[in-house]
Amino acid sequence: MKVEDYRKAYAEELDRVSRAPLPADADADSGQTLDSAIATIADASKPSKARLAALRTVQASTFLGPAFDPYRAAYLEALRTALANGDEALRMQALSLLASEKDDVARKVLLEGLKDPAKAIVPPAKAIQLLAQDDHGVAVPIARKLLDESADARVKEEALRALAADPKAGDIFAGVLSDKTQPPDLRAVGAAGLRMIDPRRFAHEVQRIIADDTDNESVRVRCLGTLAHLQGQGLSRMNPALATQLTKLSGPDVSEPLRAAAQSVLDRVSR
């Protein structure tokens with residue numbers, strides 16, 4: 001296709017999108033266009049159900065790719081307006097979508113909500129999860145703080161996941177992984193994070209954990225599962241002590257989950 005023909009086809013598609021009704025929705029206005037739907041999202045005088053319906057249909061239109069680009073700025077501004085004047089459901093949707101766009105307003109709202117729960121639109125765990133999508137590094141210091149101060153296991157898990165973006169968090173991941181007093185789910189997140197940041201240290205910690213018969217069985221099984229997929233620190237170079245321990249764990253006097261996990265690692269090495 002010639003450049004001129006491509007430009008013509010693109011212009012026609014853009015015009016069609018802007019004029020054509022949006023996908024049918026039981027709560028949306030019949031025949032609503034892209035422009036009018038974006039306006040509905042921002043219109044505080046409209047019922048929340050209609051604004052949410054418009055939001056869903058416009059969001060579906062974002063997958064049109066370049067054809068949606070001329071509407072993106074207006075769409076994002078409508079989301080910011082909805083964030084300021086919508087009901088709880090609409091504000092949560094708008095915040096999530098803006099955060100995925102790494103929007104400055106969303107970042108500010110999330111940070112304010114974490115500092116002052118009375119201003120929070122989403123729970124702390126969701127807030128740190130959304131902030132972790134941002135590449136400005138704002139999630140890391142907050143994640144460290146929440147990991148130390150929060151008593152909520154879900155918050156601590158999300159904080160630990162957010163720290164995966166911090167190459168200096170190896171000691172934190174190793175500490176959580178090795179701490180028997182921590183919930184197994186949190187230790188599993190610690191294992192995954194340490195594996196990504198420092199594979200060699202992860203392999204060392206895992207060897208110690210799986211050799212400890214007094215440690216939590218589910219943690220040992222998860223560590224073995226992560227070890228089986230370890231990259232970089234080749235399993236073919238497994239040290240003899242670890243190989244001996246895995247052989248021991250694959251014996252008949254070991255629980256089925258632990259035996260299967262150990263055998264999986266041994267099978268992977270033997271390939």
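The analysis underlying the following values was restricted to heavy atoms, covering all of them including side chains, and did not include hydrogens, waters or symmetry mates.
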Asker: Under 4.0 Å between a side-chain nitrogen and a carboxylate oxygen: does that hold for Asp185 and Arg222?
Answerer: yes
Asker: Indicate whether the side chain of Ser150 and that of Asp152 have a donor and an acceptor atom separated by less than 3.5 Å.
Answerer: no
Asker: How long is the span from the CZ atom in Arg161 to the CD1 atom in Ile128, to the nearest 0.5 Å?
Answerer: 12.0 Å
Asker: CD1/Ile121 to CD/Glu112 distance, rounded to the nearest 0.5 angstrom?
Answerer: 9.0 Å
Asker: Hey, does Leu160 have a side-chain heavy atom less than 4.5 Å from the side chain of Glu157?
Answerer: no
Asker: More than 12 foreign heavy atoms under 6.0 Å from NZ of Lys180: is that the case here?
Answerer: yes
Asker: I'd like to know if Glu77 and Arg80 make a salt bridge, using a cut-off of under 4.0 Å between side-chain N and carboxylate O.
Answerer: yes
Asker: As a test of understanding, state which of Thr40, Asp43, Asn85 forms a side chain to side chain donor-acceptor pair (under 3.5 Å) with Arg51.
Answerer: Asn85
Asker: Any side-chain to backbone donor/acceptor pair from Ser264 onto Ala260? Under 3.5 Å, distance only.
Answerer: no
Asker: On a heavy-atom basis, which atom in Asp35 and which in Tyr71 lie closest, and how many Å separate them?
Answerer: OD1-CE2, 3.2 Å
Asker: Determine whether the side chains of Lys126 and Gln129 contain a donor N or O and an acceptor N or O closer than 3.5 Å.
Answerer: yes
Asker: Counting heavy atoms not belonging to Glu256, are there more than 12 under 6.0 Å from its CD?
Answerer: yes
Asker: Indicate if Met196 and Ile172 have the same hydrophobic cluster label, given that clusters are the connected sets of ILVMFWY residues with side-chain heavy-atom separations under 4.5 angstrom.
Answerer: no
Asker: Between CG of Asp213 and NZ of Lys248, what distance do you get to the nearest 0.5 Å?
Answerer: 5.0 Å
Asker: Using 4.0 Å as the upper bound for N to carboxylate O, is an ion pair formed by Glu217 and Arg220?
Answerer: no
Asker: Nearest 0.5 Å, what's the CD1-NE2 distance between Ile209 and His204?
Answerer: 10.0 Å
Asker: Is it true that a side-chain atom of Lys156 and a backbone atom of Leu147 form a donor plus acceptor pair closer than 3.5 Å?
Answerer: yes
Asker: Identify the residue among Leu224, Leu249, Val206 that makes a side chain to side chain contact (heavy atoms under 4.5 Å, CB included) with Val265.
Answerer: Leu224
Asker: Under a 4.0 Å N-O cut-off, is there an ion pair linking Arg201 with Asp171?
Answerer: yes
